[in-house]
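Convention: sequence-line order gives letters A, B, ...; per-chain numbering from 1.
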Amino acid sequence: MESFTKADKRTVYCGTLTSADIGREVTVTGWCQRQRDLGSLIFIDLRDRTGIVQLAFDDGTDREIFEKAFGIRAEYVLAAKGTVRSRGEGAINRNIPTGEIEIFVTSLKILASAETPPFAIVEKSDVKAELRLKHRYLDLRRPDLQRNIIARSEIVRIARNYFAEQGFIDIETPCLIKPTPEGARDYLVPSRVHQGKFYALPQSPQLYKQLLMYSGFDRYFQIARCFRDEDLRADRQPEFTQIDEEMSFADEEDIMAVNEGFLKKLFDEFMHQPLEIPFKRMTWKEAMNRFGSDKPDTRFGLELCDISDLVKDSGFSVFKGAVEAGGSVRGITVPGGAKMTRKEIDSLTDFVKTYGAKGLAWYKNTAGGPTSSFAKFLTEDETAAILDRMQVGEGDLALIVAAKNKVVWDSLGALRCEVAKRLGLIDKSKFNFLWVTEFPLLEYSEEDGRFYAMHHPFTMPMEEDLPLLDTDPGAVRARAYDCVLNGTELGGGSIRIHTTEMQTKMFEALGIGPEEAQEKFGFLLEAFEYGVPPHGGLAFGLDRVVCLLLGLEDIRDVIAFPKVQNASELLSKCPAPADPKALEELGIAVVKTEEEEEDV
RNA sequence: GGCCCGGUAGUUCAGUUGGUUAGAACGCUAGCCUGUCACGCUAGAGGUCACGAGUUCGAGUCUCGUCCGGGUCGCCA
């Protein structure tokens with residue numbers, strides 16, 4: 001065999017061969033999926049990233065080649081030359097695309113042998129995540145994971161093409177940047193040249209893309225890696241990728257339109273299905289009141305219903321007290337939910353408790369006579385009014401939470417999703433895109449006794465709310481928007497502040513004094529002096545986009561080398577201790593914790 | 001940092017009230033087999049029950065701690 005590289009014109013991908021190739025002499029390379037030894041007949045399924053083709057060895061096969069084939073085991077790497085031939089009637093395998101043909105092998109090379117892998121390289125794998133991630137290079141051989149990674153590449157290609165067509169310029173921004181005081185924890189990188197000083201890895205290219213607007217690159221685009229030193233979730237990794245954009249001389253309408261165009265193109269070219277644009281829009285306030293969430297899943301109902309006014313004077317202290325304390329009493333009505341058992345309702349009670357609710361009041365409207373956890377504390381009229389307001393019909397179940405608004409929203413927002421999931425109310429074929437707009441500009445932190453920017457401190461307030469900035473900062477709305485799909489925040493952005501006056505006001509509202517502002521964002525404030533265009537932008541979480549389009553739930557399934565919950569990576573075993581010499585050069589000493597001291 | 005779930009053969013799991021030699025399936029090894037494709041048949045090998053203490057005559061099973069993995073709340077401008 002003189003050549004077995006893919007560059008050889010006779011070398012083809014396993015999964016691409018069809019009966020149209022019968023008679024061709026070809027070379028294929030790949031991994032042995034399975035060897036079937038039938039005595040004087042051997043078959044080998046050869047796998048590459050395109051699929052599987054069957055290699056055949058029989059009494060017409062050269063004895064030396066036959067002996068070689070006899071010894072081949074799973075995951076051996078092979079190059080085989082031979083003639084494509086029909087399998088003949090009766091021997092056709094309808095389950096695989098190449099099932100009509102096989103390769104009669106005339107030359108065989110074992111490029112590498114292999115140990116039996118710790119788990120089978122098959123599409124449907126129920127092997128524990130830990131083992132898969134320790135051997136991620138094997139896990140990534142599985143066809144479903146290969147499809148995910150290839151799909152991700154296609155989505156990125158479509159994004160690059162689309163934004164280039166729209167006149168966006170792809171610009172790289174630094175990965176070693178100044179640590180930022182607000183927002184998520186930074187990953188810090190020590191400086192050797194400047195001992196005691198640190199870079200941070202970017203949580204996003206935010207400031208740099210704004211600076212690019214100041215420079216006149218009026219349409220910027222980047223597939224940008226971002227880093228946040230926060231705890232992981234099924235949909236959150238410490239390093240992740242954004243489709244990041246920024247536009248000058250643009251307002252919300254321009255930015256939403258460009259991105260609706262992008263998603264439509266993704267649906268055309270990748271999903272091969274229509275997507276209706278423009279998307280529905282909903283203010284943050286409406287989203288919270290109707291769905292208890294700023295990223296509502298609108299594929300099902302179970303909307304929240306406010307009954308505060310009906311119970312504020314009632315004899316039930318739980319309801320009355322919540323309203324008096326400035327909170328509210330709200331609930332959801334589960335159609336047909338009355339058949340839920342007490343045990344099931346108890347588990348929903350435990351569920352809402354994780355969101356800070358003290359309990360879950362319920363009312364089962366059953367034909368045989370209703371049962372309820374709270375009706376005995378209310379008058380018949382009060383109960384009737386609640387049932388009427390919540391439209392609790394026969395066979396329905398009402399679930400009610402009384403607490404401060406944030407807890408009511410959080411718990412009921414999560415509860416309606418949980419109930420929908422348990423009752424199978426979610427139509428998984430739907431893609432309900434939604435813009436959530438008019439987010440609050442600021443969020444009060446009880447712990448720190450101050451306001452923080454809900455989006456980031458460069459977000460433009462809504463003009464009509466500006467007077468409130470001094471009197472009622474919590475009520476000011478921002479020119480910020482999120483793109484939501486089926487209950488997941490796919491991306492978000494805002495119109496940015498572009499004047500010194502406004503930015504100074506914003507820092508004041510955040511309790512950042514002039515000196516601190518100068519020290520931390522002086523370069524930005526100074527830049528405002530030299531003519532900054534109005535601008536705004538948006539960033540999508542690429543990993544989440546890929547996940548949702550592929551119908552996956554675990555973000556790790558679309559990332560080649562993901563990290564586990566404690567932010568370590570099991571394959572290479574990082575993070576790892578640093579070389580003492582390197583630490584010395586950096587002027588860094590690692591301080592042992594008290595526990596470790598005791599062990600020494 | 002809190003709460004919940006899990007760790008038994010290479011893999012996925014079962015393992016009764018604490019009781020003899022810890023099982024099954026798949027995989028693996030060897031032999032046989034001419035049309036398999038989840039090949040088949042026969043035989044065989046394979047276990048620190050995550051780790052460490054404790055309770056007990058006796059622990060895979062009960063208790064505590066540790067480690068590892070998963071989910072989640074906090075956190076994630």
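- A/Leu131 comes within 4.0 angstrom of sugar-phosphate atoms only, judged by non-hydrogen atoms across all strands, and of no base.
- In this view, A/Asp294 satisfies the salt bridge (Lys or Arg N to Asp or Glu O under 4.0 Å) rule with no residue, not counting sequence neighbours.
- Taking atom CG of residue A/Leu133 and atom C1' of nucleotide B/C68, one finds them 13 Å apart after rounding to whole Å.
- Spacing of C1' atoms, B/G31 relative to B/G71, comes out at 48 Å, to the nearest Å.
- Among residues at least two apart or in separate chains, side chain to side chain donor-acceptor pair (under 3.5 Å) pairs with a member in residues 68-77 of chain A are A/Arg47-A/Glu75, A/Glu75-A/Arg141.
- Here B/G35 presents its C1' atom at 12 Å from CZ of A/Phe66, a figure rounded to the nearest Å.
- Base pairing of B/U12 is made with B/A24, judged by Watson-Crick or G-U wobble geometry with both donor-acceptor distances under 3.5 Å.
- Regarding contacts with the backbone of B/U72, every side-chain N or O of A/Arg236 stays at 4.0 angstrom or more from both OP1 and OP2.
- A salt bridge is absent between A/Asp346 and A/Lys343; no separation between the charged side-chain nitrogens and carboxylate oxygens falls under 4.0 Å.
- The separation of B/U8 from B/G15, taken at their P atoms, amounts to 14 Å, rounded to a whole angstrom.
- Distances from the side chain of A/Asp45 to the nucleotides B/C76, B/G69, B/C37 place B/C37 closest.
- Separation of the P atoms belonging to B/U16 and B/U61 is 11 Å when rounded to the nearest angstrom.
- Residue A/Glu115 is classed as having no contact, given no heavy-atom separation below 4.0 Å to the nucleic acid.
- Within the structure, the salt bridge (Lys or Arg N to Asp or Glu O under 4.0 Å) test picks out no pair touching residues 502-513 of chain A (sequence neighbours left out).
- No N or O donor and acceptor, one from the side chain of A/Gln35 and one from the base of B/U36, sit under 3.5 Å apart.
- Contacts of A/Pro118 with the nucleic acid, taken as non-hydrogen atoms under 4.0 Å apart, involve only primed sugar atoms and P, OP1 or OP2.
- Remark: C1' of B/G69 and CD of A/Glu569 are 15 Å apart, rounded to the nearest angstrom.
- Relative to the side chain of A/Arg556, the nucleotides B/G70, B/C76, B/U36 differ in distance, and B/G70 lies closest.
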Full working for side-chain hydrogen bond (donor to acceptor under 3.5 Å, both in side chains) between A/Gln503 and A/Thr500 = CA-CA 5 Å; A/Gln503 191 63 65; A/Thr500 316; over 6 Å; no

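- Residue ring and base: A/Phe119 does not count as stacked with B/U11 (centre distance below 5.5 Å and interplanar angle below 30° not both satisfied).
- For the salt bridge (Lys or Arg N to Asp or Glu O under 4.0 Å) test, no residue two or more places apart in sequence or in another chain qualifies with A/Lys295.
- Side chain of A/Asp37, nearest nucleotide from B/G10, B/C76, B/C33: B/C33.
- In this structure the side chain of A/Phe43 never reaches within 4.5 angstrom of the side chain of A/Phe57, judged on heavy atoms.
- Place A/Phe70 and A/Ala453 on RNA chain B by their nearest nucleotides, and A/Phe70 ends up nearer the 5' end.
- At whole-Å resolution of the value, CZ in A/Phe351 and P in B/G71 are 15 Å apart.
- The CD1 atom of A/Ile42 lies 11.5 Å from the CZ atom of A/Arg36; values are rounded to the nearest 0.5 Å.
- Rounded to a whole Å, the CD1 atom of A/Ile555 is 14 Å from the P atom of B/G70.
- Remark: the A/Asn259 side chain and the A/Glu245 side chain contain an N/O donor-acceptor pair separated by less than 3.5 Å.
- Nucleotides B/G74 and B/C4, compared at atom C1', are 15 Å apart to the nearest Å.
- Here the C1' atom of nucleotide B/C76 and the CZ atom of A/Phe240 are 9 Å apart, to the nearest Å.
- The residue A/Asn93 sits close to a base: some heavy atom pair falls under 4.0 Å.
- Remark: A/Phe198 pairs with A/Leu188, A/Pro190, A/Ile588 by the side-chain contact (heavy atoms from CB on, under 4.5 Å) rule, at least two apart or across chains.
- In this model, no side-chain donor or acceptor of A/Glu130 finds a partner on the base of B/G6 within 3.5 Å.
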Nucleotide N/O of nucleotides 27-29 of chain B paired with protein N/O under 3.5 Å:
from	atom 1	to	atom 2	distance (Å)
B/U29	OP1	A/Arg73	NE	3.0

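- Checking the phosphate oxygens (OP1, OP2) of B/U11, no side-chain nitrogen or oxygen of A/Lys128 falls inside 4.0 Å.
- Applying the salt bridge (Lys or Arg N to Asp or Glu O under 4.0 Å) test to every pair with at least one member in residues 472-482 of chain A, sequence neighbours left out, gives these pairs: A/Glu252-A/Arg479, A/Glu438-A/Arg477, A/Glu464-A/Arg477, A/Asp465-A/Arg477.
- Separation of the P atoms belonging to B/C33 and B/G70 is 49 Å when rounded to the nearest angstrom.
- Using a 4.0 Å heavy-atom criterion, one finds that A/Leu570 contacts the sugar-phosphate atoms exclusively.
- Along RNA chain B, the nucleotide closest to A/Ile92 and the one closest to A/Ala120 are compared, and the more 5′ of them pairs with A/Ala120.
- One interatomic measurement links the two molecules: CG of A/Asp410 to P of B/G74, which rounds to 6 Å at whole-angstrom precision.
- When distances run from any side-chain atom of A/Arg36 to the nucleotides B/U12, B/C37, B/U72, the shortest one goes to B/C37.
- Comparing B/U20 with B/G1, their C1' atoms sit 48 Å apart, to the nearest whole Å.
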Considering only nitrogen or oxygen atoms on both sides, find all protein atoms under 3.5 Å from nucleotides 1-5 of chain B and state each distance.
from	atom 1	to	atom 2	distance (Å)
B/G1	O6	A/Asp231	OD2	3.4

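- Using cut-offs of 30° and 60° on the angle between ring planes, the pair A/Phe227 and A/Tyr187 is perpendicular.
- Taking only side-chain nitrogens and oxygens, A/Asn95 never comes nearer than 4.0 Å to OP1 or OP2 of B/C37.
- When rounded to the nearest whole Å, the span between CD of A/Glu123 and P of B/U11 equals 22 Å.
- Not counting sequence neighbours, the partners of A/Glu443 by the side-chain contact (heavy atoms from CB on, under 4.5 Å) test are A/Met454.
- Proximity note for A/Tyr355 (side chain, C-beta onward) versus B/C73, B/G35, B/U11: the nearest is B/C73.
- The separation of B/G40 from B/A59, taken at their P atoms, amounts to 42 Å, rounded to a whole angstrom.
- Residues of residues 473-498 of chain A having a heavy atom closer than 4.0 Å to RNA chain B: none are found.
- In the interface, the side chain of A/Arg132 is not paired with the base of B/G70 through any donor and acceptor atom under 3.5 Å apart.
- For A/Arg85, the side-chain contact (heavy atoms from CB on, under 4.5 Å) partners are A/Ala56, A/Asp58, A/Glu102, A/Phe104, not counting sequence neighbours.
- If you take atom C1' in B/U12 and the same atom in B/G19, they sit 28 Å apart, rounded to whole Å.
- Scored by the side-chain contact (heavy atoms from CB on, under 4.5 Å) test, A/Ser19 finds A/Ile22, A/Glu100, A/Ile101 as partners (sequence neighbours excluded).
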